[in-house]
Amino acid sequence: MKSRTCRTASVAALTGITLALGLVNAGSASASTPSGCGSVRQIGSTKYIKYKGQSAASVKQYYGCGKNYAYLLIWDSFRKHHKWKTATVGVMTPEGRLHAVKWKDSPAYEMWSAGYATTNCTQAFGLVQVGSGADKADAKSSMVC
């Protein structure tokens, strides 16, 4: 009976540790799906927003439900050491126009653009404004046609 009690306690402790680790890493999870579209796939390559040499966020473009979406994730490691103000994400066309733009204030750190239905080439664009907002860094994913 004693070994069964120890084994049950060990399983319970391991389960608790696993759940705690899942909560700690929740902010760095991969992209879920945009609002209104339950199935998307990444198109093009991921790019990284760098702020003073440090990776701050990742920017990706997705396609699903007949639309292109941009996705931005501000990394946990960046959020721990920098105060950021606003993040912006959108779908950019070759002439530099942003479509389906969304922006959020801190503390939001994961965001999708609205969907943009087009047959044009597009890329995801992401921007993070740091501190009072005068300092900013951005990146664009690869262009997909």
Side-chain angles (χ1 to χ4, degrees), residues 6-145:
C6 289
R7 190 177 8 207
T8 303
S10 296
V11 170
L14 185 57
T15 302
I17 290 169
T18 303
L19 288 172
L21 287 174
L23 291 174
V24 167
N25 291 322
S28 59
S30 61
S32 52
T33 56
S35 177
C37 183
S39 178
V40 293
R41 64 180 170 79
Q42 184 175 346
I43 56 175
S45 62
T46 302
K47 292 297 178 182
Y48 302 97
I49 296 175
K50 300 270 189 184
Y51 178 74
K52 297 185 178 178
Q54 179 187 10
S55 292
S58 52
V59 180
K60 302 176 183 186
Q61 183 175 201
Y62 287 83
Y63 177 80
C65 303
K67 297 178 182 178
N68 293 352
Y69 298 88
Y71 173 78
L72 174 74
L73 176 67
I74 301 174
W75 292 10
D76 289 340
S77 56
F78 183 78
R79 293 192 326 256
K80 286 179 185 174
H81 297 35
H82 294 87
K83 200 169 190 177
W84 64 278
K85 183 176 180 170
T86 305
T88 306
V89 67
V91 177
M92 185 177 274
T93 49
E95 68 278 358
R97 290 191 183 169
L98 269 178
H99 304 271
V101 179
K102 294 270 179 117
W103 60 92
K104 290 186 179 180
D105 292 331
S106 177
Y109 57 85
E110 178 182 32
M111 57 193 294
W112 287 93
S113 70
Y116 179 59
T118 184
T119 56
N120 291 334
C121 299
T122 56
Q123 63 190 143
F125 172 82
L127 177 132
V128 177
Q129 292 180 309
V130 183
S132 65
D135 243 359
K136 47 187 137 186
D138 64 64
K140 300 173 207 163
S141 69
S142 59
M143 185 72 69
V144 177
C145 297

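Both backbone and side-chain heavy atoms feed into the values below; hydrogens, waters and symmetry mates do not. Residues take their numbers from the sequence shown, with the count starting at 1.
For the pair K85 and S106, the minimum side-chain heavy-atom distance is 4.5 Å or more. For the pair I43/N68, a side-chain contact is recorded, criterion being any heavy-atom separation below 4.5 Å from C-beta on. Here the side chains of K67 and Y116 are not in contact, with every heavy-atom distance at 4.5 Å or above. Inter-residue side-chain proximity for W112 and S32 is flagged as met; some heavy-atom pair is nearer than 4.5 Å.
Atom NZ of K102 and atom CE of M111 lie 8.0 Å apart (nearest 0.5 Å). Atom-to-atom distance recorded for E110:CD and K104:NZ is 8.0 Å, nearest 0.5 angstrom. Rounding to the nearest 0.5 Å places CE of M92 at 9.0 Å from NE2 of H99.
Taking every heavy atom of both residues into account, G38 and C65 meet most closely at N-SG, 4.2 Å. Between G64 and C37, the shortest heavy-atom distance links the atoms C-SG, 3.6 Å. Residues S45 and S142 share a closest heavy-atom pair of N-OG, 2.8 Å. Across every non-hydrogen atom of V89 and Y71, the tightest pair is CG2-N, 3.8 Å. Across all non-hydrogen atoms, the minimal contact from S113 to G90 is CB-CA, 3.9 Å. When every heavy atom of L127 is checked against every heavy atom of I49, the shortest pair comes out as N-CD1, 3.9 Å.
A donor atom on one side chain and an acceptor atom on the other are not found under 3.5 Å apart for K47 and S58. Between the side chains of T93 and N120, not a single donor N or O lies within less than 3.5 Å of an accepting N or O.
With sequence neighbours excluded, no residue forms a salt bridge (Lys or Arg N to Asp or Glu O under 4.0 Å) with K80. The ring-ring contact (aromatic ring centres under 6.0 Å, His included) test applied to Y51 returns F78, H82, not counting sequence neighbours.
Panel note: side chain Q61, backbone T122; a donor-acceptor pair is recorded below 3.5 Å. Panel note: side chain Q129, backbone K136; no donor-acceptor pair is recorded below 3.5 Å.
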Task: Verdict with reasoning, S55 to K50, per side-chain hydrogen bond (donor to acceptor under 3.5 Å, both in side chains) - done: CA-CA 5 Å; S55 292; K50 300 270 189 184; 3.1 Å; yes
TODO: Under the side chain to side chain contact (heavy atoms under 4.5 Å, CB included) rule, what do K52 and D135 come out as? Steps first, then yes or no, please.
DONE: CA-CA 10 Å; K52 297 185 178 178; D135 243 359; 3.9 Å; yes
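For W84 and Y109, the ring centers are positioned 6.0 Å apart or more.
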